[in-house]
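Only this structure's heavy atoms are used, side chains among them; waters, hydrogens and symmetry mates stay out. No experiment lies behind these values; they were computed from the predicted model shown.
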Amino acid sequence: MIPLHYLGIDITGVEVNQSIVNQLKTQGFPCFTPTEFENSQEQYDIILMSHIIEHMPPQELLGFINLYAKHLKPNGKLVLATPLLSHYFYDDFDHIKPYYPTGLSMILG
């Protein structure tokens, strides 16, 4: 697998662990904590949320997505990747709720 930055794609990471953020910055990768990201004025063509939303309750979901969506450029895209319910979904004790495409479409419009 070829890292995106090797393909000429500018990427920025958002990570809750400050130690990892510092390490990535030291290696030359742009990376923010969630608070730094929320307070930044950066705008993006694409925001990828991969395997994040299943870790939060429904009452927090829309607010969380909106915090990130405000950083999209006009006509930018938000990409959500999340596992569907399976017999092993709750093997990850941090999983709170599976979200299905139909439901996400309904709340996101």
Side-chain angles (χ1 to χ4, degrees):
M1 180 181 287
I2 300 172
L4 293 174
H5 67 275
Y6 288 139
L7 298 174
I9 299 171
D10 293 330
I11 59 170
T12 300
V14 179
E15 169 60 47
V16 297
N17 185 316
Q18 183 68 58
S19 178
I20 293 173
V21 171
N22 294 342
Q23 181 180 11
L24 289 168
K25 286 180 178 181
T26 300
Q27 295 174 359
F29 296 104
C31 192
F32 295 113
T33 64
T35 300
E36 291 170 335
F37 184 81
E38 290 172 27
N39 294 327
S40 78
Q41 300 301 312
E42 299 289 331
Q43 296 282 291
Y44 300 92
D45 295 310
I46 299 171
I47 293 179
L48 169 64
M49 291 183 179
S50 182
H51 292 260
I52 296 172
I53 65 172
E54 66 273 11
H55 298 274
M56 60 186 51
Q59 62 270 23
E60 294 176 15
L61 182 62
L62 193 55
F64 175 80
I65 289 174
N66 283 335
L67 284 173
Y68 284 80
K70 74 177 186 178
H71 291 281
L72 285 170
K73 291 179 181 177
N75 297 313
K77 306 294 183 212
L78 175 65
V79 179
L80 298 171
T82 185
L84 299 177
L85 182 61
S86 66
H87 67 279
Y88 54 86
F89 180 85
Y90 290 107
D91 286 352
D92 181 335
F93 293 141
D94 288 342
H95 282 181
I96 294 174
K97 178 176 177 33
Y99 293 97
Y100 288 89
T102 302
L104 289 171
S105 292
M106 290 171 64
I107 66 164
L108 298 175

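- Put simply, OH on Tyr100 and CG on Leu85 are 4.0 Å apart, with the number rounded to the nearest 0.5 Å.
- A donor-acceptor pair under 3.5 Å links the side-chain atoms of His71 to the main chain of Phe37, judged by distance alone.
- With sequence neighbours excluded, the residues satisfying side chain to side chain donor-acceptor pair (under 3.5 Å) with Gln18 are Asn22.
- Clustering ILVMFWY residues whenever any of their side-chain heavy atoms sit less than 4.5 angstrom apart, transitively, puts Leu78 in the very cluster that holds Phe32.
- The two residues Tyr99 and Pro58 come nearest to each other via the heavy atoms OH-N, 3.1 Å.
- Side chain of Glu15 to backbone of Asn17: a donor-acceptor contact under 3.5 angstrom is found.
- Smallest separation of non-hydrogen atoms from Leu84 and Pro101: CD2-CD, 4.1 Å.
- Val14 and Ile20 fall into different hydrophobic clusters, where Ile, Leu, Val, Met, Phe, Trp and Tyr residues are linked whenever their side-chain heavy atoms come under 4.5 Å apart, directly or through other members.
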Report, one line per pair, each donor and acceptor closer than 3.5 Å where one atom sits in a side chain of residues 60-69; sequence neighbours left out.
residue : atom : partner : partner atom : Å
Asn66   : ND2  : Leu62   : O            : 3.3

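- Closest heavy-atom contact between Gln43 and Lys70: NE2-O, 3.2 Å.
- Closest approach of Pro98 to Phe89, counting heavy atoms only: N-CZ, 3.4 Å.
- Taking every heavy atom of both residues into account, Pro30 and Ile11 meet most closely at CG-O, 3.4 Å.
- Note: Met56 CE to His95 NE2 = 11.5 Å, rounded to the nearest 0.5 Å.
- The only option from Ile52, Ile53, Ile47, Leu48 that meets the side-chain contact (heavy atoms from CB on, under 4.5 Å) definition with Leu80 turns out to be Ile53.
- Here the CG-OG1 distance, from Asn39 to Thr33, works out to 8.5 Å after rounding to the nearest 0.5 Å.
- Counting only residues at least two apart or in different chains, side-chain hydrogen bond (donor to acceptor under 3.5 Å, both in side chains) contacts with residues 45-57 comprise Glu54-Thr82.
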